[in-house]
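Count residues from 1 along the sequence. Every heavy atom of this structure was used, including side-chain atoms; hydrogens, water molecules and symmetry mates were not.
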Amino acid sequence: CVVHGFCGMWGLWATGIFCTDKNVQYAAYPNVNEACGRGEQFGVQIVGSLCIVVWTVGTAGLLFLGIHSTIGMRVDESVERAGLDVSEHGLQDTKDPLHHQQAGQPAVLSPAQMVTAPGQSAEQGAGGPK
């Protein structure tokens, strides 16, 4: 929301702020008016951005309400405590290279260690034992 929403909204508003009537005519729009000079175009852009915000909040709210009332937004507490890697993927021990670094071992996995086939751990990946 922060990047896409606010930057997109700034793009909408900037169109109204920096537009000129001459550029509107140069862009081959047939209307000849002074909407940019009077600030009318900026008002149109503000109304458009407010419509987008209302639509987004409304549809997202309905979607989240539907999910919450059917399958729920969260997993069970026991699954959350065990970790989603265990419940969803069957991984019993995930080795986080930044937190479980052993002496003399690199802090980051190599690309060969990251590539895995279904059912393989990172150590059994493309570069490791099979």
Joint hydrophobic cluster, I46 plus V57, side-chain heavy atoms closer than 4.5 Å: yes
Donor-acceptor contact below 3.5 Å, side chain Q45 vs main chain L12: yes
Pairs flagged by disulfide (SG to SG under 2.5 Å) wherever residues 33-63 is involved - sequence neighbours left out: C19-C36
Nearest-0.5 Å distance, OG1 of residue T70 to CG of residue L65: 9.5 Å
hydrophobic_cluster_shared for V53 and F42, side chain cutoff 4.5 Å: yes
Contacts of W13 that satisfy side-chain hydrogen bond (donor to acceptor under 3.5 Å, both in side chains) - sequence neighbours left out: S49
Connected via hydrophobic side-chain network under 4.5 Å: F64 and I71: yes
For V79, all residues meeting side-chain contact (heavy atoms from CB on, under 4.5 Å), sequence neighbours excluded: V75, D76, L84, S87
Spatial distance of atom CD (Q41) from atom CG (D21) [nearest 0.5 Å]: 9.5 Å
Main-chain N/O of G66 paired with S69 side-chain donor or acceptor, under 3.5 Å: yes
Same apolar cluster (I L V M F W Y, side chains within < 4.5 Å links), V47/I52: no
Step-by-step side-chain contact (heavy atoms from CB on, under 4.5 Å) determination, W10 to T15: CA-CA 8 Å; W10 165 246; T15 302; over 6 Å; no
ILVMFWY cluster, M9 and W55 together (side-chain gap under 4.5 Å): no
